[in-house]
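We count residues from 1, following the sequence as given. Note: hydrogens, waters and symmetry copies are ignored here, and every other heavy atom, side chains too, is used.
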Amino acid sequence: MRLPLESKQHLTLFSVYAPTLLADPADKDSFYSDLRRLLNNTPANDKVLILGDFNARVGKDSEAWKEFLGRHGIGGCNDNGLLLLEFCTEHQLAITNTIFQQKDRLKTTWMHPRSKHWHLLDYVLVRQRDLKDVLHTRVMPRAECHTDHRLVGCKLKLQFKPKPKKKSNPIKKLNVDSLCREEVKIKFQVNLQQRLDESPCTDDTTIDTL
C-alpha cells in the first residue's frame with residue numbers, strides 16, 4: 001500500500017508472512033526474492049515500512065550487525081534470523097523492535113508451545129535513513145488478536161497529505177424577491193409560457209409532466 005505524505009513524498013507499506021524455520025529452503029529463497037523484487041521496484045525516495053511475521057530470531061549481536069540490529073534484541077539467532085539480517089544489510093533496513101529499551105514482555109511476540117519460552121518473530125522494518133520517524137515499537141500484550149502471536153505496534157512521526165476537498169457545484173440562488181415587481185412578474189410569466197409552448201408534444205399534459 002502506498003500512501004501520500006506531505007512534501008511530495010510517499011510511504012510504502014509491506015505486509016509479509018515468511019516461511020517457517022522448517023520450511024523448504026527453496027520456499028525461503030522464493031519469499032526473499034519476491035520481497036527483494038518488490039522493494040527494488042519501490043521508488044527510491046519513498047519511506048518504507050515492512051511489517052510481518054518473519055518466523056526469524058535475529059538475536060542481540062548488535063556489534064556484528066551495526067546500524068541494522070539495535071542494542072536491545074533478545075535471545076539467540078537462528079538460520080531464518082540470518083536470512084533476515086542479510087536482507088536488512090542488503091537494503092539498508094533497520095529492525096525497529098530492537099532499538100528501544102523495554103521489558104522483554106514488550107518485545108517478545110510468540111511463545112513456543114513446548115518449551116513455553118517467548119521469542120521475537122514479528123518485526124517492523126524501516127529504511128535506516130527514516131529511523132528518525134520511528135518514535136516507538138513495542139508489543140501490545142493485552143490486545144486480542146485471535147492468534148497465538150502478540151500484536152506489535154509502531155508509533156511513527158509522519159505528516160500525511162490531506163485529502164483534497166471536493167469542489168461542490170455552486171448553488172444558483174433565485175431572486176424571488178424581484179417577482180414582487182409587476183413588470184418582472186409579467187416577463188417571467190411570458191417566458192415560462194413560451195417555454196411550455198415550445199416543449200415537445202406529449203399526450204400527458206399534466207402540470208407535473210410539463
Side-chain angles (χ1 to χ4, degrees), residues 1 11-42 46-131 133-134 136-141 143 145-156:
M1 182 166 59
L11 170 68
T12 298
L13 295 96
F14 297 85
S15 178
V16 305
Y17 180 76
T20 62
L21 184 64
L22 300 179
D24 191 307
D27 293 335
K28 299 179 185 181
D29 291 341
S30 177
F31 167 79
Y32 279 102
S33 294
D34 289 342
L35 187 55
R36 186 177 292 108
R37 174 179 52 79
L38 292 171
L39 197 55
N40 288 336
N41 290 335
T42 301
D46 277 17
K47 296 178 182 294
V48 168
L49 194 66
I50 303 179
L51 318 163
D53 178 6
F54 281 87
N55 279 302
R57 302 183 206 169
V58 294
K60 50 187 176 181
D61 191 356
S62 58
E63 290 298 318
W65 303 95
K66 285 184 178 180
E67 300 180 0
F68 310 107
L69 185 66
R71 294 186 295 110
H72 302 290
I74 189 169
C77 182
N78 61 10
D79 290 342
N80 276 7
L82 286 174
L83 290 175
L84 176 55
L85 288 166
E86 290 170 357
F87 177 80
C88 290
T89 304
E90 178 184 352
H91 294 280
Q92 300 297 297
L93 299 170
I95 302 175
T96 66
N97 308 61
T98 62
I99 293 174
F100 304 98
Q101 184 176 8
Q102 51 197 344
K103 296 178 180 179
D104 285 354
R105 73 183 190 90
L106 300 180
K107 291 185 284 187
T108 54
T109 62
W110 177 78
M111 184 179 69
H112 194 285
R114 291 192 299 274
S115 68
K116 305 301 180 182
H117 289 164
W118 283 93
H119 302 282
L120 174 57
L121 302 181
D122 306 86
Y123 299 95
V124 178
L125 314 179
V126 300
R127 283 175 167 160
Q128 284 181 335
R129 69 184 187 211
D130 297 323
L131 267 176
D133 298 324
V134 182
H136 199 193
T137 300
R138 56 159 286 186
V139 165
M140 319 297 285
C145 303
H146 299 286
T147 173
D148 58 345
H149 287 246
R150 287 172 167 174
L151 177 69
V152 179
C154 183
K155 185 182 291 186
L156 302 169

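At a threshold of 4.0 Å, the pair Asp104-Lys107 counts as salt-bridged, since one of the basic side-chain nitrogens sits closer than that to a carboxylate oxygen.
Pairing each heavy atom of Gly70 with each of Ser62, the nearest pair is O-CB, 3.3 Å. Smallest separation of non-hydrogen atoms from Thr109 and Leu121: OG1-N, 3.1 Å. Nearest heavy atom pair, residue Gly59 against residue Leu69, reads O-CD2, 3.9 Å. Residues Phe54 and Asn80 approach most closely at O-ND2, 4.4 Å, considering heavy atoms. Nearest heavy atom pair, residue Thr12 against residue Phe14, reads CG2-CE1, 3.7 Å. Among all heavy-atom pairs drawn from Thr96 and Val124, the shortest one is OG1-O, 2.8 Å.
Arg129 places no side-chain N or O within 3.5 Å of a backbone atom of Lys47 that could act as its donor or acceptor partner. With hydrogens and angles disregarded, no donor-acceptor distance shorter than 3.5 Å links the side chain of Tyr123 to the backbone of Ile50. Of the possible donor and acceptor atoms, none in the side chain of Asp46 sits under 3.5 Å from a partner among the backbone N and O of Thr42.
Within 6.0 Å of atom CZ in Arg71, 12 or fewer heavy atoms from other residues, nucleotides or ligands are found, so the atom counts as exposed in its surroundings. Dense packing is recorded around CG of Asp29, with more than 12 heavy atoms of other residues, nucleotides or ligands lying under 6.0 Å away.
Note on residues 50-65: pairs passing salt bridge (Lys or Arg N to Asp or Glu O under 4.0 Å), not counting sequence neighbours, are Glu63-Lys66.
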For this session: Go through Val134 and Ile99 one step at a time and tell me if the side-chain contact (heavy atoms from CB on, under 4.5 Å) criterion holds.
Result: CA-CA 10 Å; Val134 182; Ile99 293 174; 5.9 Å; no
For this session: Applying side-chain contact (heavy atoms from CB on, under 4.5 Å), run through Val139 and Leu151 and close with a yes or a no.
Result: CA-CA 6 Å; Val139 165; Leu151 177 69; over 6 Å; no
For this session: Determine, step by step, whether Trp118 and His112 satisfy the side-chain contact (heavy atoms from CB on, under 4.5 Å) criterion, reporting the C-alpha distance in whole Å, the side-chain angles of both residues, the deciding distance to 0.1 Å, and the verdict.
Result: CA-CA 6 Å; Trp118 283 93; His112 194 285; over 6 Å; no
For this session: Report the C-alpha separation of His149 and Asp122 in whole Å, then their side-chain angles, then the decisive distance to 0.1 Å, and conclude whether the side-chain contact (heavy atoms from CB on, under 4.5 Å) test is met.
Result: CA-CA 8 Å; His149 287 246; Asp122 306 86; 2.8 Å; yes
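By the side-chain contact (heavy atoms from CB on, under 4.5 Å) test, Cys77 is found to be paired with Leu82, Leu85, residues two or more places apart in sequence or in another chain being considered.
Note that the CG atom of Asn55 and the CH2 atom of Trp110 stand 8.0 Å from one another [nearest 0.5 Å]. If you take CD on Gln128 and CG on Asp130, they are separated by 10.0 Å, rounding to the nearest 0.5 Å. For the atom pair CG of Leu51 and SG of Cys154, the computed distance is 7.5 Å after rounding to the nearest 0.5 Å. The distance from the NE2 atom of His91 to the CG atom of Asn40 is 5.0 Å, given to the nearest 0.5 Å. Between the OG atom in Ser30 and the NZ atom in Lys28 there is a gap of 13.0 Å [rounded to 0.5 Å].
Looking at heavy atoms from C-beta onward, Glu86 lies in side-chain contact with Trp65 at the 4.5 angstrom threshold. Between Arg36 and Glu90 there is a side-chain heavy-atom pair separated by less than 4.5 Å. With contacts defined as side-chain heavy-atom distances shorter than 4.5 Å, the pair Val48/Val126 does not qualify.
Exactly one residue among His72, Arg138, His136 makes a side-chain hydrogen bond (donor to acceptor under 3.5 Å, both in side chains) with Gln102. That residue is His136. Screening Leu125, Val58, Thr98, Thr89 for a side-chain contact (heavy atoms from CB on, under 4.5 Å) involving Phe68 leaves a single residue, Thr89.
Classification of the Tyr32-Phe87 ring pair by plane angle, with boundaries at 30° and 60°, yields tilted.
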